[in-house]
Asks: 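Next up is a structure, given as structure tokens.
Every heavy atom of this structure was used, including side-chain atoms; hydrogens, water molecules and symmetry mates were not.
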Amino acid sequence: MRKRHNIVPIFLLIMALIFTVLAVREYLPYWTNALKMEQIKKEIRQSGGKGSKEEHKERTINWKKLHKMNQDIIAWIEVPGTKVDYPVLKCKRWNEYLSRDYRGNKNILGSIFVQPDTAEDFSDQHTVVYGHNMRDKQMFGSLHNYEAKKFWKKHKNVYIYLPDRTIKARIYSTYDCIDMTETFYTEYPDEASWQEWKVMTAEKSYYDTGIIPKEKDNVLTLSTCSNGRGRSSRYVVHCVFQIAEEGRE
């Protein structure tokens, strides 16, 4: 009988070790990616100037070093108050960086990216930037914080750093929608249609921000997967360009 009793703790220990190994295997890509991103930030990004109320500081980026890592990196995106602080890559093929990291290596977390037909200087009327909705909030996972108006009130701005300037954009709308529908249109037959689209996106918002883009305003859309909805559902955050300032190398 004693031998049978001794088997139980051994069995439980083995099962615990198995579950630990499985957990490490599942979360290792997340941990590894987080460490890599912190390293790249230290290597190419420096902060300077005074912080604002939302803890944003003027940045200088070593673009030469960044482009040595990957020529497909066209920008850097930062959303203060969230985990969004990443390089932005331009795909040569549709969704190329959906499952590749900033160096082009295969990675389940993918990258923050734009599609091949996107203007690298973000001069398009409507620019869509994509990123995965990761369970640990990496990539665009933390954008879901904007489902609460209370969070938006404290963190309204998005910053796009380019080699020659910095774009500041103000969030004006956020909601869930279906992929490939009118929310994702990037071409419009005329100015009237373009303005109607902006009004439509403002009206779809989960809460009123009091902002509707004007006729000449460009729009930035951040897109990720929805929480607890169908596979074709997407969560979007729309931003209107406010400031484009000259950047520094």
Asks: Report the distance from atom CG of D85 to atom CD1 of I112, rounding to the nearest 0.5 Å.
Replies: 10.5 Å
Asks: Taking salt bridge (Lys or Arg N to Asp or Glu O under 4.0 Å) as the test, write out the residues that go with D72, two or more places apart.
Replies: K92
Asks: Would you check if L222 and V84 make a side-chain contact, meaning some heavy-atom pair closer than 4.5 Å?
Replies: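 The answer is no, as the side chains (C-beta and beyond) never meet within the 4.5 Å cut-off.
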Asks: With sequence neighbours left out, write down each residue that passes side chain to side chain donor-acceptor pair (under 3.5 Å) with Y206, or none if nothing qualifies.
Replies: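 With neighbours one apart ignored, the set is D176, R229.
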Asks: Any ring-ring contact (aromatic ring centres under 6.0 Å, His included) pairs touching residues 164-192, not counting sequence neighbours?
Replies: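 For residues 164-192: Y172-H238, Y175-H238, Y188-W194, Y188-W197.
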Asks: Counting C-beta onward and ignoring hydrogens, is there a side-chain heavy-atom pair between N70 and L89 closer than 4.5 Å?
Replies: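 N70 vs L89: side chains touch.
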Asks: Drop me the distance from K198's NZ to H126's NE2, to the nearest 0.5 angstrom.
Replies: 11.0 Å
Asks: Is the NZ or CZ atom of K41 positioned over Y86's six-membered ring, under 6.0 angstrom from the centre and within 45° of the axis?
Replies: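 Yes, K41 and Y86 form such a contact.
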Asks: Has K156 got its NZ or CZ under 6.0 Å from the middle of the six-membered ring of W152, at an angle within 45 degrees of the ring axis?
Replies: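 Yes, a cation-pi geometry.
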Asks: Drop me the distance from S142's OG to D136's CG, to the nearest 0.5 angstrom.
Replies: 9.5 Å
Asks: What orientation do Y161 and Y159 show, parallel under 30°, tilted 30 to 60°, or perpendicular over 60°?
Replies: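 If you compare the ring of Y161 with that of Y159, the planes turn out parallel.
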Asks: Under the ring-ring contact (aromatic ring centres under 6.0 Å, His included) rule, collect the residues that match up with F113, sequence neighbours excluded.
Replies: Y130
Asks: Would E182 and K204 count as a salt bridge (charged side-chain N to carboxylate O under 4.0 Å, His left out) if you check the C-alpha gap in whole Å, the side-chain angles of each, and the deciding distance to 0.1 Å?
Replies: CA-CA 12 Å; E182 59 187 356; K204 280 191 173 186; 3.5 Å; yes
Asks: How about V129 and F122: do any of their side-chain heavy atoms sit closer than 4.5 Å?
Replies: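 Sidechains of F122 and V129: in contact.
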Asks: If you link I, L, V, M, F, W and Y whenever their side-chain heavy atoms are under 4.5 Å apart, who else ends up in the same group as M180?
Replies: none
Asks: I'd like to check the salt bridge (Lys or Arg N to Asp or Glu O under 4.0 Å) partners of K216; sequence neighbours left out, ordered by chain and number.
Replies: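 With neighbours one apart ignored, the set is empty.
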Asks: Could I get the full list of side chain to side chain donor-acceptor pair (under 3.5 Å) partners for S232, not counting sequence neighbours?
Replies: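 Expected list: none.
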Asks: Residues sharing I212's hydrophobic cluster, by side-chain heavy-atom contacts under 4.5 Å among ILVMFWY, directly or via others?
Replies: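 Via sub-4.5 Å side-chain contacts, I212 links to V199.
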Asks: Under the rule for side chain to side chain donor-acceptor pair (under 3.5 Å), what residues qualify as partners of T186, not counting sequence neighbours?
Replies: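 Result, side chain to side chain donor-acceptor pair (under 3.5 Å) vs T186: none returned.
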Asks: Is it true that atom NZ of K36 has more than 12 heavy atoms of other residues, nucleotides or ligands lying nearer than 6.0 Å?
Replies: no
Asks: Does the side chain of W76 reach to within under 4.5 Å of the side chain of L66, using non-hydrogen atoms?
Replies: yes
Asks: Name all residues meeting the salt bridge (Lys or Arg N to Asp or Glu O under 4.0 Å) criterion together with R234; count only those two or more places apart in sequence or in a different chain, and write none if there are none.
Replies: D179
Asks: If we check side-chain hydrogen bond (donor to acceptor under 3.5 Å, both in side chains) with Y235, which of these qualifies: N227, T174, T224?
Replies: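 Per the side-chain hydrogen bond (donor to acceptor under 3.5 Å, both in side chains) rule, the option paired with Y235 is T174, out of N227, T174, T224.
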Asks: Between I108 and M139, is there a shared hydrophobic cluster once you connect ILVMFWY residues whose side-chain heavy atoms come closer than 4.5 Å?
Replies: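 Yes, I108 connects to M139 through the hydrophobic network.
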Asks: For K149, enumerate each residue passing the salt bridge (Lys or Arg N to Asp or Glu O under 4.0 Å) test, keeping only those at least two apart in sequence or located in another chain.
Replies: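 With neighbours one apart ignored, the set is empty.
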Asks: Test side chain to side chain contact (heavy atoms under 4.5 Å, CB included) on V88 and V114 and set out the steps.
Replies: CA-CA 7 Å; V88 179; V114 297; 4.1 Å; yes
Asks: Which residues pass the side chain to side chain donor-acceptor pair (under 3.5 Å) test with Q125, not counting sequence neighbours?
Replies: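 Scan of Q125 (side chain to side chain donor-acceptor pair (under 3.5 Å), adjacent residues dropped) gives none.
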Asks: Nearest 0.5 Å please: distance from the CZ atom of F151 over to the NE2 atom of H144.
Replies: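 Spacing of CZ (F151) from NE2 (H144) equals 12.5 Å.
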Asks: Taking D124 for its side chain and T127 for its backbone only, find out whether a donor-acceptor pair lies under 3.5 Å.
Replies: no
